[in-house]
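Below, each value reflects all heavy atoms present in this structure, side chains not excepted, and no hydrogens, waters or symmetry copies. Since the model is a prediction, treat every value here as computed from it, not as a measurement.
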Amino acid sequence: MMRKNARLRREYLYRKSLEGKEKDAYEKKRKIKRAIEEGKPIPTELVNEEPKLSKEIAMDDDEHFAPKNEMDDEYQNAGVQDPKIFLTTSRDPSSRLIQFAKELSLIIPNVQRKNRGGHVMKELVDACRSNEITDMIIVHETRGEPDALIISHLPFGPTAYFGIVNCVLRHDIDEKGTMSLQHPHLLFNNFSTKLGERTMNILKYLFPVPKDDSKRVITFGNQNDFISFRHHEYRREGAEIVIKEIGPRFELKMFQIKLGTVENDAADNEWVLRPYMHTAKRKNYIGAS
């Protein structure tokens, strides 16, 4: 099993290394194609490569002209097979963190929740791979308050790190409704940048495809790079639609995406929220202001 995982990892890294070469070739073909369409001379640096690239342009169609990115490999079965999620906590969790993990296991379908105990992270990841788990979720706390959420896509990544603020559990919500186990519909608001689309995919593929008659709705609303999580159910009463919050609710602040699984400390960073990134003019990275 270890040899198989090592081989698959090498194949995955090899495919990732080809992406840079494919992007370079795509940019060259795009410049040549634009020059031909506008009747302009071929750029000087591409004159020697123009005959070969022109033949490739003639054979490319719209589907295969643009290079594929890492999303094609990482989430190739998304929407075809239902995700299988493994959920655990940091060591020695408080009662509030355990309650938060229980509520997450009710929110997300197909979740297997397990107490962390003395298990090492590498052992957990290997066990998840052998059982075809698609995503691993780990929740952390500080002084009894949930403050961090890690989502690691298996078998090879990526891994997203979020901070949690303003966490309100179902227990603390007044007049909360009962929670259905139907697969929820998902609403995403203001994930308009490339990083926003990446974040949306990481969150979206935790959930299976819902049925049309599902009455559960989960909202991820981004404002100033804080992602608000809200969980509602709706029902019809005559001509009106009544919406009821069933909780929990919290805000997520993403601070890192890593191109490997959670136990791989040597994995490259895809994106990191570094100090002083917001010092000058306010800039939002996930969506528009």
Side-chain angles (χ1 to χ4, degrees), residues 74-75 77-91 93-117 119-141 146-162 164 167-171 173 176-188 199-211 214-220 227 229-233 245-252 254 261-263:
E74 293 168 356
Y75 296 103
N77 295 324
V80 178
Q81 299 177 355
D82 286 348
K84 293 174 61 178
I85 313 297
F86 177 81
L87 174 63
T88 189
T89 65
S90 55
R91 287 195 175 96
S94 66
S95 59
R96 184 170 176 82
L97 186 65
I98 293 174
Q99 181 64 29
F100 181 64
K102 286 181 180 179
E103 295 184 6
L104 286 181
S105 66
L106 293 174
I107 291 170
I108 306 173
N110 301 332
V111 168
Q112 302 176 28
R113 185 172 59 88
K114 182 177 178 60
N115 296 329
R116 175 69 178 275
H119 294 290
V120 180
M121 187 57 64
K122 188 177 187 307
E123 295 175 355
L124 291 175
V125 173
D126 290 340
C128 289
R129 285 198 182 105
S130 62
N131 287 279
E132 298 183 348
I133 298 293
T134 59
D135 291 272
M136 184 175 181
I137 300 177
I138 308 150
V139 288
H140 292 263
E141 65 180 342
D147 68 342
L149 177 75
I150 302 172
I151 301 174
S152 184
H153 184 67
L154 299 176
F156 304 124
T159 300
Y161 296 80
F162 298 89
I164 301 176
C167 181
V168 179
L169 302 182
R170 268 177 54 82
H171 178 75
I173 296 177
K176 57 183 175 292
T178 57
M179 183 183 296
S180 169
L181 296 181
Q182 291 178 309
H183 295 176
H185 295 285
L186 303 180
L187 296 178
F188 289 89
T199 307
M200 181 176 65
N201 284 319
I202 291 172
L203 296 170
K204 177 173 66 176
Y205 292 131
L206 295 175
F207 297 86
V209 178
K211 294 183 178 179
S214 175
K215 297 297 189 293
R216 287 179 64 199
V217 179
I218 289 179
T219 305
F220 294 93
I227 303 170
F229 175 92
R230 298 294 184 268
H231 186 200
H232 296 86
E233 281 191 354
E245 183 178 9
I246 54 179
R249 61 173 179 258
F250 50 85
E251 273 71 47
L252 298 173
M254 189 174 68
T261 48
V262 64
E263 91 290 1

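Listed for the Ser152 side chain is a donor-acceptor partner under 3.5 Å among the backbone atoms of Val262. Between the side chain of Arg170 and the main chain of Ile246, a donor-acceptor pair closer than 3.5 Å is present. Counting only distance, with no hydrogens or angles, the side chain of Ser214 and the backbone of Lys211 share no donor-acceptor pair below 3.5 Å. Side-chain atoms of Arg216 come within 3.5 Å of backbone N or O of Ile107 as a donor-acceptor pair. With hydrogens and angles ignored, the 3.5 Å screen pairs no side-chain donor or acceptor of Gln99 with any backbone N or O of Leu169.
Side-chain contact between Thr134 and Leu154: absent, with no pair of heavy atoms (C-beta onward) separated by less than 4.5 Å. Within the 4.5 Å cutoff, side-chain heavy atoms of Glu141 are placed close to those of Ser94. Between Ile108 and Ile137, some side-chain heavy-atom pair lies under the 4.5 Å cut-off. Side-chain atoms of Met136 and Met121, non-hydrogen and from C-beta on, do get closer than 4.5 Å to each other. The closest side-chain heavy-atom distance from Leu149 to Phe229 is not below 4.5 Å. Between Ile150 and His140 the shortest side-chain heavy-atom distance falls below 4.5 Å. Residues Phe220 and Thr199 are not in side-chain contact: their nearest non-hydrogen atoms beyond the backbone lie 4.5 Å or more apart. Side-chain contact between Val139 and Pro146: absent, with no pair of heavy atoms (C-beta onward) separated by less than 4.5 Å.
Between Glu233 and Met179 the shortest heavy-atom distance is OE2-C, 3.8 Å. Taking each heavy atom of His231 and Gly247 in turn, the nearest pair found is ND1-O, 3.0 Å. Scanning all heavy atoms of the two residues, the minimum distance from Thr159 to Tyr161 falls at CG2-CE1, 3.5 Å. Shortest non-hydrogen contact noted between Pro155 and Thr261 is O-CG2, 3.4 Å.
Evaluated for a side chain to side chain contact (heavy atoms under 4.5 Å, CB included) with Pro184, the options Pro210, Pro109, Pro208 yield exactly one hit, Pro109.
Between the SG atom in Cys167 and the CZ atom in Arg249 there is a gap of 10.0 Å [rounded to 0.5 Å]. With rounding to the nearest 0.5 Å, the separation of OG1 in Thr219 from NE2 in His232 is 6.5 Å. Taking CG from Leu203 and CZ from Phe162, the interatomic distance works out to 4.5 Å, rounded to the nearest 0.5 Å.
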Side-chain donor-acceptor contacts of residues 82-89 below 3.5 Å, not counting sequence neighbours, with atom names and distances?
from: Lys84; atom 1: NZ; to: Asn131; atom 2: O; distance (Å): 3.0
from: Thr88; atom 1: OG1; to: Lys114; atom 2: O; distance (Å): 3.0

- request: Show your reasoning for whether side chain to side chain contact (heavy atoms under 4.5 Å, CB included) applies to Ile164 and Leu252.
  value: CA-CA 5 Å; Ile164 301 176; Leu252 298 173; 3.8 Å; yes

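The pair Glu263-Arg129 meets the salt-bridge criterion, since a charged nitrogen lies less than 4.0 angstrom from a carboxylate oxygen.
Using bins of under 30°, 30° to 60° and over 60° for the plane-to-plane angle, the ring pair Phe250/Phe100 lands in the perpendicular bin.
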